[in-house]
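Written below as structure tokens is the structure these notes are about.
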Amino acid sequence: MQVSYQAPSNIALVKYWGKRDRQIPMNPSVSMTLAECYTETKLTLLEKTSDSSFVEFLFDGVENNSFAQRIEKYLDALSDKLDWIEKYSFKIESKNSFPHSAGIASSASAFAALASCLEDIDAKLHKRTFDYRKASFLARLGSGSASRSIQGKFMLWGHDPHITNSSNEYAIALDECHEVFENMKDAILIISSAQKKVGSSVGHNLMNGHLFKELRYQQARDNFNDMIQALKIGDLDAFGNILEAEALTLHALMMTSHPSFILMEPQSLNVINKVRQFRKETGIPLYFTLDAGPNVHLLYPDHFADKVEDFIKKELLLFCEEDRVIYDHIGMGTQRK
Ligand code: DP6
């Protein structure tokens, strides 16, 4: 059996930072699904020949043993969720639409694409239709943020008492969003393509003994509900305020953890200052966010695209590594190929 899926990356608007047990988030998060930054994965089930190594992983056609080991561990741990997994060997061929060295986290799109392949096979073997929640659930077990790359424009992951059907186990799509957010753009400014200084699991662990952890989880829960409200009523100001506060809080948490990490570069701060100045001068709702690295995502409604992209070219490219910007936009999730 062979199956292929394409799954996008996503950008967190309210961040997941801190986890427990088996990939359970310490707070609920909200993300926007991307479209152009994606992973395409082809999975072939083969007859099992050896127990010791049952995954062959090719990235861009080249064998990659370190990722093969991570996937092997992941598949091994799924034997309690997928009753057929122990019976096969796997050939997995993956490629990303974005350059490998762009400093963009690829675990979200990679695990979303792989989990979609697994769910497709599970559905076929059990004679049922593809279940997006199960795909999100399987993706989460590979990488938490991957749970949010399966379906829908804005995704919610993590239980919240105010949101019906919300769950720590899988992400759900936001049921309605205001038209101003329907065609959002995300320009990803590549400040540095160097490898991440802190792996995400190490990063999440830093929250365990963190002095500010309870306050942070409370803030994240509030921001989660306020962000959903802003997306529903079309409040761009509230959206932008929460978006930027979340990014800066994430970095502040890393700066104040033990050990401490400074993941922004001077150019990241230059971009942030310029964006705030541009917003003040033009009134255009252009807002920034960052994940656990120096690259800056700029979010804006599509009808401001010309003005924003002109500003990026004239004033921000100089802060980017080799003038690199990836122009992305809101997407819909995983797709069968
Ligand atoms: C800062 O999903 O990469 O991007 O579950 O350990 O794979 P693991 O972590 P990961 O963490 C993402 C952290 C973040 C914020 C976010 O995407 O919500």
Side-chain angles (χ1 to χ4, degrees), residues 7-34 37 39 66-67 69-71 73-74 77-78 96 102-115 136-150 154-158 160 166 168-171 174 186 188 195-208 210 213 216-217 219-221 223-224 227-228 242-255 257 261-264 268 288-297 299 328:
S9 187
N10 68 78
I11 178 68
L13 312 178
V14 174
K15 310 290 180 183
Y16 146 57
W17 200 240
K19 61 177 170 180
R20 62 185 164 86
D21 306 330
R22 201 170 162 187
Q23 295 285 94
I24 298 298
M26 293 303 291
N27 63 263
S29 55
V30 185
S31 62
M32 182 176 105
T33 306
L34 297 180
C37 291
T39 299
S66 68
F67 209 67
Q69 279 167 17
R70 181 167 174 191
I71 292 178
K73 256 175 113 178
Y74 167 66
L78 286 184
N96 286 347
I104 296 180
S106 56
S107 69
S109 54
F111 278 102
L114 178 56
S136 170
F137 167 88
L138 294 171
R140 180 200 108 231
L141 295 172
S143 178
S145 53
S147 67
R148 301 184 311 230
S149 277
I150 301 293
F154 291 97
M155 298 297 291
L156 316 176
W157 170 42
D160 182 277
S166 62
N168 286 334
E169 306 276 337
Y170 49 79
L174 178 69
D186 178 7
I188 310 167
Q195 257 222 313
K196 283 193 182 179
K197 284 192 205 160
V198 195
S200 61
S201 282
V202 174
H204 290 289
N205 264 333
L206 293 172
M207 285 307 287
N208 282 334
H210 203 292
K213 78 173 176 188
R216 162 59 192 159
Y217 298 145
Q219 177 205 37
R221 287 192 289 270
N223 283 345
F224 176 79
M227 179 57 90
I228 290 172
I242 302 167
L243 186 78
E244 296 191 350
E246 277 289 312
L248 296 174
T249 302
L250 173 71
H251 283 259
L253 287 166
M254 281 182 283
M255 286 185 209
S257 53
F261 293 93
I262 299 179
L263 302 182
M264 286 192 208
S268 319
F288 67 83
T289 184
L290 298 88
D291 273 340
N295 299 328
V296 186
H297 290 245
L299 271 56
D328 208 334

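Starting from 1, each residue takes its place in the sequence as its number. Note that ligands are numbered from 1 as they come in the structure, with each ligand's atoms numbered from 1 the same way.
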- Query: Do any nitrogen or oxygen atoms of S200 come within less than 3.5 Å of a nitrogen or oxygen of ligand 1?
  - Reply: yes

- Task: Output the list of atoms in ligand 1 that are nearer than 4.0 Å to some heavy atom of S145, sorted by atom number.
- Result: 2 (O), 3 (O), 10 (P), 17 (O)

- Query: Contact between S29 and ligand 1, counting heavy atoms under 4.0 Å?
  - Reply: no

- Taking only heavy atoms of G144 into account, list the atoms of ligand 1 that are under 4.0 Å away from them. 2 (O), 5 (O), 7 (O), 8 (P)

- Message: Can you tell me if R148 contacts ligand 1 (heavy atom of the residue under 4.0 Å from the ligand)?
- Response: yes

- Pull out every atom of ligand 1 sitting under 4.0 Å from any heavy atom of K19, numbered as shown with elements. 5 (O), 6 (O), 8 (P)

- Message: Under 4.0 Å from a heavy atom of Q23: which atoms of ligand 1 are those, numbered in the order shown and with their elements?
- Response: 5 (O)

- CD1 on I71 to CG on L114, rounded to 0.5 Å: 5.5 Å

- Message: When you measure from the side chain of R140 to the backbone of Y170, do you find a donor-acceptor pair of N or O atoms at a distance under 3.5 Å?
- Response: no

- Task: Indicate the ring-plane relationship of H204 and W17, choosing parallel, tilted or perpendicular according to the 30° and 60° boundaries.
- Result: tilted

- Message: Within this structure, what is the OG-NZ distance for the pair S257 and K213, rounded to the nearest 0.5 Å?
- Response: 13.0 Å

- Message: I want to know if ligand 1 touches H204 in the polar sense, i.e. an N/O pair below 3.5 angstrom.
- Response: yes

- Heavy-atom distance to atom 7 (O) of ligand 1: which of S143, S201, A247 wins? S143

- Query: Using the ring of each side chain (for Trp, its six-membered ring), is Y74 parallel, tilted or perpendicular to F111, with breaks at 30° and 60°?
  - Reply: perpendicular

- Note on the structure: Heavy-atom proximity to atom 15 (C) of ligand 1 ranks first, among F111, W17, Y16, for Y16

- Atom OG1 of T249 and atom CD1 of I242: how far apart are they, to the nearest 0.5 Å? 11.5 Å

- Under 4.0 Å to a heavy atom of S107 - the qualifying atoms of ligand 1, by number: 3 (O)

- Note, N168 side chain near R20 side chain (heavy atom, < 4.5 Å): yes

- Counting only heavy atoms, which portion of A12 has something under 4.0 Å from ligand 1: side chain, backbone, both, or neither? side chain

- Task: Carefully, step by step, assess E169 and R22 under the rule salt bridge (Lys or Arg N to Asp or Glu O under 4.0 Å).
- Result: CA-CA 10 Å; E169 306 276 337; R22 201 170 162 187; over 6 Å; no

